[in-house]
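Input: a single structure, listed below in structure tokens.
Chain identifiers are assigned alphabetically (A, B, ...) following the order of the sequence lines, protein sequences preceding nucleic acid strands; residue numbering begins at 1 within each chain.
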Amino acid sequence: MAKAPKANRPEARLPKGFRDTPAAEVRQLSHMLATIRQVYESYGFEPLETPAIEYTEALGKFLPDQDRPNEGVFSFQDEDEQWLSLRYDLTAPLARFVAEGIKTQTLPLPFRRYAVGPVWRNEKPGPGRFRQFTQFDADTVGTDNVAADAEICMLAADTLEALGLKGKYVIKVNNRKLFEGIRQVLGITSDTQWLTAMRAIDKYDRLGWDGVESLLRDGRKDDSGDFTPGAALSEPQAKEILAIFNKAAITDVLDGTNDYALQALRESKFAMNSLFEEGLKELEKISALSMAAGYDASVIRIDPSVVRGLEYYTGPVFEAELTFEVKNEDGQTVRFGSVGGGGRYDGLVERFTGQKVPATGFSIGVSRLQAALAALGTTRQEGYGPVVVLVMDKDRVADYQKMVQRLRRPDDGGAPIRAEMYLGTAGMKAQMKYADKRHAPCVVIQGGDEKAKGEVQIKDLIEGAKASETIKDAKEWREGRPAQVSVPEADMVATVREILARHKA
RNA sequence: GCCGCCUUAGCUCAGUUGGUUAGAGCACCAGAUUGUGGAUCUGGGGGUCCCCCGUUCGAGCCGGGGAGGCGGUACCA
């Protein structure tokens, strides 16, 4: 093969923000997805798959223009010059699907579906943030019943429990209507001012109330020296906002109820406002429903500091937050924070149909959750590789292939054993190294001597590794052949099975 | 997007005031060892010193620009 001139060779590399997933992680992931799916199914949600690509206008983002065709979403033009985009979440395609179903009158409402798959965002990747990641969503479309929202919260809680996170998470619940009520009472007319104020509140977790206050007022300079402009609210406005959140968003009240937070909201001056009151009633209902179903406030908690998608949600909003911390390999404390979220969005389908179609749902950030589970050590250890049958005599490949098949399909009807014949061309020592790297539990060896006796040698690599810790002399482990047995050919499968059983637990 | 730090072998890193052929440890490959992974010894393969331009007799080192990575911050459907 002619070598390409060195300068012309492409560099083997991945675009930034994308990654490959090795075997162990793929296995963990599919196990995790199966667990989530089971919970979603148990709530009666039905699976739905939609394509990765939609018309850009159907996704409800801006149309890309000549200057910035790919801001935020990956987009390109079809042959007919229509703009297409990779989906950036699973909710926008759902809205499109539902709108079509309503148009053709083929969709029974309420419609409840779950969906899982990769989504893409064309933005700067960061720690734990990629340009392709997986979401797992469940949504109920076509009802404004608060019970649907309460159930979404329970679903989120059950899912995290099923993943082994009992006591390590909380589903925080708030209501966008509270914010709208507060805004009306305070008489804030400027949208940008109000958006800035809400973003400030959202940063409470990280900055504390002092940080939030400076962002509500003049702005704040962070540690990197960057200045974040504030919302420029008046001092009384800022104080009133802080007062209510300060009081109601106390998250360490551990009496198991939401009474304190709800009472603080009820007693605030904003309770006079009809929107605020409506939001409060919905929160009370969600709290009552989840308490009645056995989820106390340590699991599903009313927390007025939750903000989330600003121009998107119209009622209750949810956030699934992990509450534990973990030290990374550098000894730094890592907090995973939010691993999912959702809420009520009554306006999404309306874009297509012109009629209001209320909907509520929840989305899990699968990759982030997986990283958290891995850090917790909750995930299963990586298993052993296949049994490797060595090729001692190249003329007898057919015999070795037969041995592998006997392991894969035992004629005693026992469970299949993962096995492979060495497919390279190297000598025995290299084959042993190969088996070691594959994490093979054992190897099967049959050279001329064994063949003559009708036997096979089976070497337990895991036992052998243990033995090597005490054996220091090369000759000793070589000649002593630790963890190696010679058995009649007929006993090969049974002997391998014994070794696998020994290392099972 | 903005701010800061970083980039030398597969990995972790040395590399003097600018000076010959750029090093170490680990990893990898091979041999010592009729047919045995993990010990020891010996040998070996690996480099666009991130890229480009400039200064200089001479640049891994100095200057300018760019890219990539990391951290923070902003945005986040």
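- The aromatic rings of A:Phe18 and A:Phe74 are tilted relative to each other, their planes meeting at an angle between 30° and 60°.
- When rounded to the nearest whole Å, the span between CE of A:Met198 and P of B:C75 equals 12 Å.
- When each of B:A30, B:G68, B:G37 is scored by its nearest atom to the side-chain atoms of A:Ala430, the top-ranked nucleotide is B:A30.
- One donor-acceptor pair, N or O on each side, does fall under 3.5 Å between the base of B:A77 and the side chain of A:Arg121.
- Aromatic ring centroids of A:Phe136 and A:Tyr40 lie under 6.0 Å apart.
- Pairing for B:G71 goes to B:C3, judged as Watson-Crick or G-U wobble with the two contacts each under 3.5 Å.
- Nearest-nucleotide assignment on RNA chain B puts the 5′-proximal partner with A:Asp460, out of A:Lys203 and A:Asp460.
- At B:A27, none of the side-chain N or O atoms of A:Lys437 fall inside 4.0 Å of OP1 or OP2 (strictly under the cut-off).
- Distance noted for atom C1' between B:A24 and B:G15: 11 Å (whole Å).
- Base pairing of B:C41 is made with B:G31, judged by Watson-Crick or G-U wobble geometry with both donor-acceptor distances under 3.5 Å.
- Nearest nucleotide to the A:Lys16 side chain, out of B:A74, B:U36, B:G68: B:G68.
- In summary, the side chains of A:Tyr345 and A:Asp139 do present a donor paired with an acceptor at a separation below 3.5 Å, with no hydrogens or angles considered.
- A gap of 15 Å separates the P atoms of B:G35 and B:A30, to the nearest Å.
- Nearest-nucleotide positions on RNA chain B for A:Asp89 and A:Gln484 put A:Gln484 closer to the 5' end.
- Residues A:Pro441 and A:Leu500 come closest through the heavy atom pair CG-CD2, 3.5 Å.
- For the atom pair CG (A:Leu178) and CZ (A:Arg183), the distance works out to 15.0 Å, reported to the nearest 0.5 Å.
- With both ends at atom C1', the span from B:C49 to B:G60 equals 5 Å, rounded to whole Å.
- In this structure, the CG atom of A:Asp449 is 12 Å from the P atom of B:U36, given to the nearest Å.
- Applying the 4.0 Å criterion to OP1 and OP2 of B:A74, one finds that A:Arg220 has every side-chain N and O outside that range.
- What separates CG of A:Leu195 from P of B:A77 is a distance of 11 Å, to the nearest Å.
- Between B:A9 and B:C26, the distance separating the two C1' atoms is 12 Å to the nearest Å.
- Summarising the base pairing, B:C11 is matched to B:G25 through a Watson-Crick or G-U wobble pair whose two defining distances lie under 3.5 Å.
- When heavy atoms are screened at a 4.0 angstrom cut-off, A:Arg206 is found touching the sugar-phosphate backbone but no base atom.
- When rounded to the nearest whole Å, the span between CG of A:Asp393 and C1' of B:U34 equals 15 Å.
- You'll find a donor-acceptor pair under 3.5 Å spanning the side chain of A:Lys459 and the base of B:G37, going by distance alone.
- For the pair A:Tyr312 and B:A77, the ring geometry does not qualify as stacking, because the centroid separation below 5.5 Å and plane angle under 30° are not jointly satisfied.
- Side chain A:Gln457 to base B:U36: no donor-acceptor pair is found below 3.5 Å.
- Between the P atom of B:A77 and the CD atom of A:Gln132 lies a distance of 20 Å, rounded to the nearest Å.
- Comparing B:G47 with B:G54, their P atoms sit 27 Å apart, to the nearest whole Å.
- Residue A:Ile445 is classed as a base contact, given a heavy-atom separation below 4.0 Å to a base.
- For the P atom pair drawn from B:G43 and B:C5, the interatomic distance equals 44 Å after rounding to whole Å.
- Taking atom OH of A:Tyr384 as the reference point, atom C1' of B:G37 lies 15 Å away to the nearest angstrom.
- A:Gln431 comes within 4.0 angstrom of no nucleic acid atom, judged by non-hydrogen atoms across all strands.
- In this structure, A:Tyr204 has its ring center closer than 6.0 angstrom to the ring center of A:Trp209.
- B:A74 and B:C2 are spaced 16 Å apart, taking the P atom of each and rounding to whole Å.
- If you measure from atom CD1 of A:Ile458 to atom C1' of B:U36, you get 15 Å, rounded to the nearest angstrom.
- Side-chain to base pairing of A:Glu450 with B:G35: one donor and one acceptor N or O lie within less than 3.5 Å of each other.
- Side-chain N/O atoms of A:Gln446 and A:Glu489 include a donor and acceptor closer than 3.5 Å.
- Pair assignment for B:G54: B:C62, on the basis of Watson-Crick or G-U wobble contacts that are both within less than 3.5 Å.
- Within the 4.0 angstrom heavy-atom criterion, no nucleotide atom of any strand lies near A:Gly427.
- Note: A:Phe97 and A:Phe111 meet the aromatic proximity criterion, with ring centroids under 6.0 Å apart.
- For the C1' atoms, the distance linking B:U12 with B:G4 amounts to 24 Å, nearest Å.
- Between B:G38, B:A77, B:U73, one nucleotide has an atom nearer to the side chain of A:Ser468 than all others, and that is B:G38.
- In the set B:U73, B:G35, B:G37, the nucleotide with an atom closest to the side chain of A:Thr228 is B:U73.
- What separates CG of A:Leu215 from C1' of B:C75 is a distance of 14 Å, to the nearest Å.
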